[in-house]
Amino acid sequence: MSDIAIRVENLSKSYRIGRNAEKAERYTALRDVISRNARNLLRTTRDVLSGQAIVQGDEVEEFWALKGVNFEVRQGEVLGVIGRNGSGKSTLLKILSRITEPTMGRVELNGRVASLLEVGTGFHPELSGRENIYLNGAILGMARREVDRQFDEIVAFAGVEKFLDTPVKRYSSGMYVRLAFAVAAHLEQEILIVDEVLAVGDAQFQQKCLGAMGRVARQGRAVILVSHNLPVVQAFCERCLLLDAGRLSHDGHSPGAIAAYANTQAKRSYLQRLPKSDGGPTITRLEIRHLKIRDVTEILVAVTVLSNISLIGALELKVSDAVGTPIGIASVGLLNPSALYCFHPGMEVIVCTLTLPRLARGLYSLMAQITLPLVRIVDATDESLVFDADPEPRENATRVLEASWGCGPLEIPLKIERSLDYIPS
Amino acid sequence: MSSSNILIIEPGLAEKHYWRDLWRYRELFYVLAWRDVAVRYKQTVIGVLWALLQPVLTMAVFVVVFGKLAKLPTEGDAPYPLLVYAGMLPWQFFATALSGASGSLIGNANLISKVYFPRLIVPTSAVVVAFVDFLISFVILLVLMAWYHFLPSIRILLLPGFVVLAFLASLGPGLWLTALNVKYRDFRYIIPFVVQFGLYLSPVGFSSSIIPEKWRFCYSLNPMVGVIDGFRWVILGGESRIYLPGFALSCGVVVLFLWVGVYQFRKMEKSFADLL
């Protein structure tokens, strides 16, 4: 008796893309098929007559959405899957939940699978909350008596007692989502597959969902969680897979996988933007000119601002860590309205130094914005610069703090002021 | 967790546990059918009366056109409206099932691309929904019988058998057209046409006994001919006779369609999620 819940071996899935690929056409008209077949026949005949090898559909291109993926998930384990858009996460989930078949490879699932690729799959707007609970339960593979048994809990979890007999089309979107997740949270399948569903609901409800999923794992069931929300993955999954262009590029402890994911971000020291059409001040260029990492981190930043008008406002520079959690903000004018910055018509380059405490080793990002403090944002760079903090150990240390340890971005100095009297036992 | 619970996913392996899954998901089958029935007449003024109105009005038109104007003969001494209605019942079932099933997969596209279950459930439950309408319109037949003081013979006891035949006759083409409709949306336009055309090609407004004897066998290639004849044979009783070779042929066509339907559906099913 093994404790492996999911075993994936050499899993691959290819889609045929290109003008001739039948599979890639979502909407095929018979006319197109006939004319295409006629064309293909013509080409094949020509090939045969000229003595060449027949190439089937030379406009067909194979696209591997998933290629040679191997991993195992133990029972009671929560596995995170991260990766950029199009890296194959959804394809993997679709294969595991048996919506599509793999092209190659093999999956062993030890137990029933419940997949939540979308919240509220199959909810019917005309039916009442009560009816939808049964409908959704059946779609997700719950037997009627399972739903019966947990009905009150589901309703309490969703907090929709008063609206049970109202058609769900009259629900607020929050109630709708809560009801949908409540059903899902009470599934009893041995394997739970969740795709990005935590992106919905308010913070309190998200916390509740995470709690419910933690309970699922403690019951000894396996959970696979796909998310772009890195802090959630970090907090929730011990182990994490990183997919990159259909291949498994990292399999291990979550902090390591997240660090590897962050590393795939392009490091760049400057970005350029086009001026805005309304003529207000625009940050046309943001550049890190120099980076010094010692006991403190000093960043020399140049902000180029182009403006057609005069404006008195604030310049703000925000620093975030690799998963996007803000670390802090530096500004002229935000905290002191009597010292705002005056942007003049024309172009100017503002060079400034940011002094941060000693940062843990890892990637950080920097973005800039011009605001009327507490009123509105005049201009903000939508993208950010990415820089790498790679400090040397302090004089009295041999290691540096790694961002991947999940202790936060700051290496805080510690000095023992005095030691209490030592009493030997 | 027992080791018998282990499920293996490999290319082409879906076949093995398909029929077992179908059984396992039977509850979903009821629930989907129930959902469609529950939703069908929501937010309509006369609600379920629609299921009665359509066949009754069509019957009235057919009685006037075929019975009164064309003066076609009835079977035995059965009143003409009864003859038409006995044919109208299975035809209406077939037509509703066909259009319901063919649109069912596209209508449930969000389900298909997000959750696994044997896809056969979706069009089959659409046929069941049509069957519910059939049962409702059956009430009219009883009313008509009472109105004409028509007493059915003992053959009426065979009716359930013919209802099953009508069910299978609708399911086969239904499945096939459903699968085709996912791939080639042309069928969305073909199906209403087939249904409209078939109403006149099948012996709905007239008795199939008016078909010349030499053509009757060929005429029975239309599976609905056998089904409708069968319905009339058990409902009208008395003089109504069944043309056995034709009936056997129709049954054969029903079975053939059913096989083709299931086979084609199973073949295309794997790519549904990619096609929708």
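Chain naming here is simple, since letters A, B, ... match the order of the sequence lines and numbering starts at 1 in each.
- Interface check for chain B: of the options A:Gly105, A:Gly137, A:Gly141, the most heavy-atom pairs under 4.5 Å are formed by A:Gly105.
- For the atom pair CZ of B:Arg24 and CZ of A:Arg112, the computed distance is 8.0 Å after rounding to the nearest 0.5 Å.
- Of the possible polar contacts, none joining the B:Glu27 side chain to the A:Ala138 backbone as a donor-acceptor pair under 3.5 Å is found.
- In the displayed structure, B:Phe257 atom CZ is contacted under 6.0 Å by at most 12 heavy atoms of other residues, nucleotides or ligands.
- Scanning both residues, B:Ala38 and A:Leu127, for their nearest heavy atoms gives CB-CD2, 4.1 Å.
- Residue A:Ala143 touches chain B through both its backbone and its side chain, counting heavy-atom pairs closer than 4.5 Å.
- Taken from CD1 in A:Ile139 to CG in B:Leu28, the straight-line distance is 6.0 Å, to the nearest 0.5 Å.
- No other option in A:Glu108, A:Lys94, A:Arg106 has as many heavy-atom pairs under 4.5 Å with chain B as A:Arg106.
- Considering only heavy atoms from C-beta on, B:Trp34 comes within 4.5 Å of A:Glu131 through its side chain.
- Within 6.0 Å of atom CH2 in B:Trp176, 12 or fewer heavy atoms from other residues, nucleotides or ligands are found, so the atom counts as exposed in its surroundings.
- Proximity to chain B is absent for every atom of A:Leu11, based on heavy atoms less than 4.5 angstrom apart.
- The distance from the CD1 atom of A:Ile99 to the CZ atom of B:Arg119 is 6.5 Å, given to the nearest 0.5 Å.
- Atom CZ of B:Arg26 sits in a crowded spot, with more than 12 heavy atoms from other residues, nucleotides or ligands closer than 6.0 Å.
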